[in-house]
Amino acid sequence: MDELIIAGKKYQSRLLVGTGKYRDFEQTRLAVEASGAEIVTVAIRRTNLGQEAGQPNLLDSLPPAKYTYLPNTAGCYTADDAVRTLRLARELLDGHDLVKLEVLGDPKSLYPNVIETIKAAEILIREGFKVMVYTSDDPIVARQFEAMGCVAVMPLASLIGSGMGILNPWNLQIIINELRVPVIVDAGVGTASDAAIAMELGCAGVLMNTAIAGAQQPVMMAGAMQKAVQAGREAFLAGRMAKKIYTASPSSPVDGVIGS
Amino acid sequence: MIELTINGVRKQIRKSATMADLIIELDLAGKKLAIERNGDIVPRIAYPPTTLQADDKLEIVVAVGGG
């Protein structure tokens with residue numbers, strides 16, 4: 001069985017999905033179901049004081065028996081804020097320690113600040129968190145995160161929420177070749193072919209949110225992404241044919257063509 | 001009354017109120033949340049014995065949709 005293993009736990013699905021930007025919790029639930037994802041990211045935010053009573057809760061739409069929550073540190077710009085956010089997440093989720101660490105460096109590009117991310121990862125790992133880390137596609141930085149003890153390294157394909165696809169497959173390939181922990185493309189996927197390309201490169205998985213939530217029909221796109229990730233994975237395992245540059249090779253027999 | 005900061009907003013609460021009292025007052029009872037007080041996590045079991053102090057800084061958070 002071809003399973004994704006993160007921090008010793010096995011998953012059937014290699015598609016991880018976010019839960020932001022949906023119309024409502026019902027659409028979130030339907031899209032997550034259609035994606036087949038088992039790991040879902042959630043954000044941690046201040047509660048609205050005095051306006052929360054009776055409001056539906058995201059966690060009720062996504063039962064913990066069915067999904068592995070991956071609390072994130074989206075919106076954090078310092079190691080300190082990220083660490084505090086995940087300590088709150090662990091308390092909120094009854095000791096759950098698998099987390100997505102991201103420390104941003106710039107509000108316009110949302111590009112990761114890898115220096116602050118490294119600081120935060122050090123503290124979190126020391127405190128027993130299992131850290132899946134969002135980072136740039138720098139192979140040296142990726143190697144550093146693995147050496148520190150991160151349970152998955154998650155380089156960007158392109159900017160968060162941009163849908164620009166995989167801008168540097170060459171760097172991703174280096175990272176995939178060098179790391180032993182799962183390499184999961186996080187951010188930048190825009191459509192099904194992007195996810196398939198990531199998987200064909202040999203990524204262990206793909207994490208996406210806007211590509212599904214921002215589609216005209218999110219639930220249908222969620223299904224498309226599930227298929228793309230599966231197709232890409234199978235193509236990777238099958239091993240693609242060698243590229244023959246400028247050299248055609250007929251698929252049908254050369255002999256026995258009529259009139260010859 | 002004492003004044004403290006909750007999620008960046010100044011609030012007044014009766015002197016010697018506990019964290020558990022505050023949760024009821026804010027209509028948050030039974031909700032899945034986590035609280036940080038002056039930079040430290042307050043575990044759920046510590047809500048009843050934790051007495052709030054003037055100028056405490058609290059962060060009360062919930063899980064929301066995110067990527």
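Every chain is numbered from 1, with letters handed out A, B, ... down the list of sequences.
Your options are A/Ala43, A/Ala89, A/Ala213, and the one with the most heavy-atom pairs under 4.5 Å with chain B is A/Ala43.
Here the options are A/Val40, A/Val17, A/Ile39, the test is side-chain contact (heavy atoms from CB on, under 4.5 Å), and the partner is A/Tyr67; only A/Val40 passes.
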Please tabulate, for side-chain N and O atoms in residues 120-129 of chain A, each donor-acceptor pair with protein atoms closer than 3.5 Å (sequence neighbours left out).
residue	atom	partner	partner atom	Å
A/Glu127	OE1	A/Arg87	NE	3.0
A/Glu127	OE2	A/Arg87	NE	3.4
A/Glu127	OE2	A/Arg87	NH2	2.5

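When all heavy atoms of A/Thr135 and A/Phe145 are compared, the pair lying nearest together is OG1-CE1, 3.4 Å.
Both the backbone and the side chain of A/Leu88 come within less than 4.5 Å of a heavy atom in chain B. Heavy atoms of B/Ile41 lying under 4.5 Å from chain A belong exclusively to its side chain. When heavy atoms are compared at a cutoff of 4.5 Å, B/Ile6 approaches chain A by way of both its backbone and its side chain. Neither the backbone nor the side chain of A/Lys21 comes within contact range of chain B, judged by heavy atoms closer than 4.5 Å.
Applying the salt bridge (charged side-chain N to carboxylate O under 4.0 Å, His left out) test to A/Lys227 and every residue at least two apart in sequence or in another chain returns nothing.
A salt bridge is absent between B/Glu59 and B/Lys57: the closest approach of a Lys/Arg side-chain nitrogen to an acidic carboxylate oxygen does not fall below 4.0 angstrom.
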